Amino acid sequence: MGKKLGFFIPELWRHIFKKPATVDYPFEKLKVPKGFRGLPVLNTELCIVCKACERDCPAEAIEIRTILEEEKKFQMTIHNDRCVHCGQCADVCPTNAMTLNNEFELSEPSRWNMKFRYAYTRQLRKKSDRNVDEKDKEIL
Amino acid sequence: MSITIPIGPQHPALKEPISLKMTFDGEIIKDADIRLGYNHRGLEKLFEGKSYVQNIYVTERICGICSHSHTTCFVNGVEKLLGIEIPKRASYIRMLIGELERVHSHLLWLGVAGHEAGFESFFMYTWRDREIVMDILEESSGNRVHYAINTIGGVRRDIDETQRTRILNSLKILKERTDYYKNLGTTEPSFVARLSGIGILPREQALSLCSVGPTLRASNIDMDVRKDDPYLAYDEVPFEVSTADTCDVLGRTVVRIKELFQSYNIIEYILRNLPAGDIKAKVPRKVPAGETVSRYEAPRGENIHYIKSNGTEKPERLKVRAPTLANYPATVAMLKNGFIADIPLIFAAIDPCICCAERMVEVKDTKTGRAEIKTFDELKKYSRDFYKNHKKIKKDTVWPF
Ligand code: SF4
Ligand code: SF4
């Protein structure tokens, strides 16, 4: 075994002149790769309310409520505070209504800002704003 | 005269909560007692309430480093219960992700070993190089940590041609870097001197204490589930089981570096011989009643999942034996007669993943030694009472100046 003290020194010396391996986040951001599993979003025009996503979500992050059965009015809440970004909802969706985008900066000061609500009639689209109603607050 | 010092559950040398009750005679460790239970998450109970599909993602969260090991172990077991054969291509992709995970885990460990041995620049370089494999994993699975590539009956994502060439190109850099670290070990005498001769685990003891993984192989025993009980398509892939005969922390480092090279070769073989075809077989949601044991060689050692199904969509029981748990008895033996200063290094050498190993919590009365079963409400009441009395003491405390 050839013992040589300071084997590591040339390596250290070389790195003085190299550019940093890290990036200056948040001023500079890394590119998100294709197929990244970010925030789940619903395309309300495509959803047929089969509830497969609700059934298979491991984190119980999807909640589908029937508002008016006769008028086919439904409301889906995606609890992004619970979501683990596994993408199972997008996998089981038969119509590709559910997809995961490439947003990764999802932190919020309050979990109530992380509930995404979609109220829709099966065909008509009406995306409400991101506020949460009183009933949800009661649940917690 | 011997004294007893508690190390942990919160200690700068330990990254996760665990309590080591050490008995010292001067600088020498005379006895060690490992206490678990500070990081219990109740996962096994959670499995029982979730369907098999949901459980893939729950098992993934047993560990943040060998996440793929746990899901593969689980889905392999479920597929055995279902009696189905998954497509060849799916097997190969599962192995590919598994080997990439081994590479990232071992590079991570090398960094930790450097850190514990006081070689900080080594730690930074290995972790920088680990980013290469993390990027590959993110690109091919969609996430850096929880790859979620497995599903019952196959895999969820395919490897395309651009990914294949990218991985092969990255492998070249990784090989070059690992080669440098290999030479570093043989030419940097201070690093070698720090690692050698500590945490001795003789061959017989390693066997009798049932240690697993690199800890076992560093005691010159060539046991590896991938060879002994091949799962997926490991019987088709040529590779060697890496061993070392020094039985100390240096040996465990050597085994891991050797395994890195083996993993690079396996990855290359998989990418060059990737069979064409489907990546997923159609499977029913209900699993027929029965029980099975599934074994998997995780980066830290043998991982075991026991699955019992009752014919419904949910498992009746899922028991997990993470490799770290199997290595604890050996750790106690390794610590004995060592020095205080070596504790972090010896402990880190088994690559402990403490929260993976936390499977059960037993509430014991310290006076009578009897175990008790408490309901959640009783526990809540107990903690409330405890803090009520505790506060009283705190309230009476006066500033002594
Ligand atoms: S990504 Fe996973 S956890 Fe999140 S909503 Fe979809 S299924 Fe649920
Ligand atoms: S699985 Fe798709 S179609 Fe079915 S309810 Fe969910 S989003 Fe709608």
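What you see is a predicted model, and the numbers here were worked out from it, not measured in a lab. A note on names: the letters A, B, ... follow the listed sequences, proteins ahead of strands, and every chain is numbered from 1.
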Steps toward side chain to side chain contact (heavy atoms under 4.5 Å, CB included) verdict (A/Phe104, B/Asn143):
CA-CA 11 Å; A/Phe104 64 94; B/Asn143 201 303; over 6 Å; no
For A/Gln88 and B/Tyr57, does a side-chain donor sit closer than 3.5 Å to a side-chain acceptor?
yes
What part of B/Phe119 lies closer than 4.5 angstrom to a heavy atom of chain A: side chain, backbone, both or neither?
side chain
Relative to chain A, which of B/Ser141, B/Gly142, B/Ser121, B/Ser51 shows the most heavy atom pairs under 4.5 Å?
B/Gly142
Of the listed A/Glu60, A/Lys34, A/Glu11, the one with the largest count of heavy-atom pairs under 4.5 Å with chain B is A/Glu11
What part of A/Pro58 gets closer than 4.5 Å to chain B, counting heavy atoms only: side chain, backbone, both or neither?
both
Let me see the working for A/His15 and B/Arg128 under side chain to side chain contact (heavy atoms under 4.5 Å, CB included), right down to the final yes or no.
CA-CA 12 Å; A/His15 280 79; B/Arg128 180 202 57 194; 2.6 Å; yes
Between the main-chain N or O of A/Gly87 and the side-chain N or O of B/Arg156, is there a donor-acceptor pair closer than 3.5 Å?
yes
Nearest non-hydrogen partners of A/Cys86 and B/Ala148, listed with the distance:
O-CB, 4.3 Å
Determine whether more than 12 heavy atoms belonging to other residues, nucleotides or ligands lie under 6.0 Å from atom CZ of B/Phe376.
no
Let me see the working for A/Lys31 and B/Glu139 under salt bridge (Lys or Arg N to Asp or Glu O under 4.0 Å), right down to the final yes or no.
CA-CA 11 Å; A/Lys31 214 177 111 247; B/Glu139 213 168 83; over 6 Å; no
Look up atom CZ in A/Arg37 and atom NE2 in B/His146, then write down how far apart they are to the nearest 0.5 Å.
9.5 Å
Tell me if the CZ atom of A/Phe27 is crowded by more than 12 foreign heavy atoms within 6.0 Å.
no
By a 4.5 Å heavy-atom criterion (distance strictly below it), what part of A/Leu100 contacts chain B: side chain, backbone, both, or neither?
neither
Take a 6.0 Å sphere around NZ of B/Lys286 and say whether it holds more than 12 heavy atoms from other residues, nucleotides or ligands.
no
Would you mind telling me which of B/Lys50, B/Arg61, B/Gln54 has the largest number of heavy-atom pairs within less than 4.5 Å of chain A?
B/Gln54
Toward chain B, the part of A/Asp56 with a non-hydrogen atom under 4.5 Å:
both
Tell me whether the count of non-hydrogen atoms from other residues, nucleotides or ligands lying under 6.0 Å of CD in A/Glu105 goes above 12.
yes
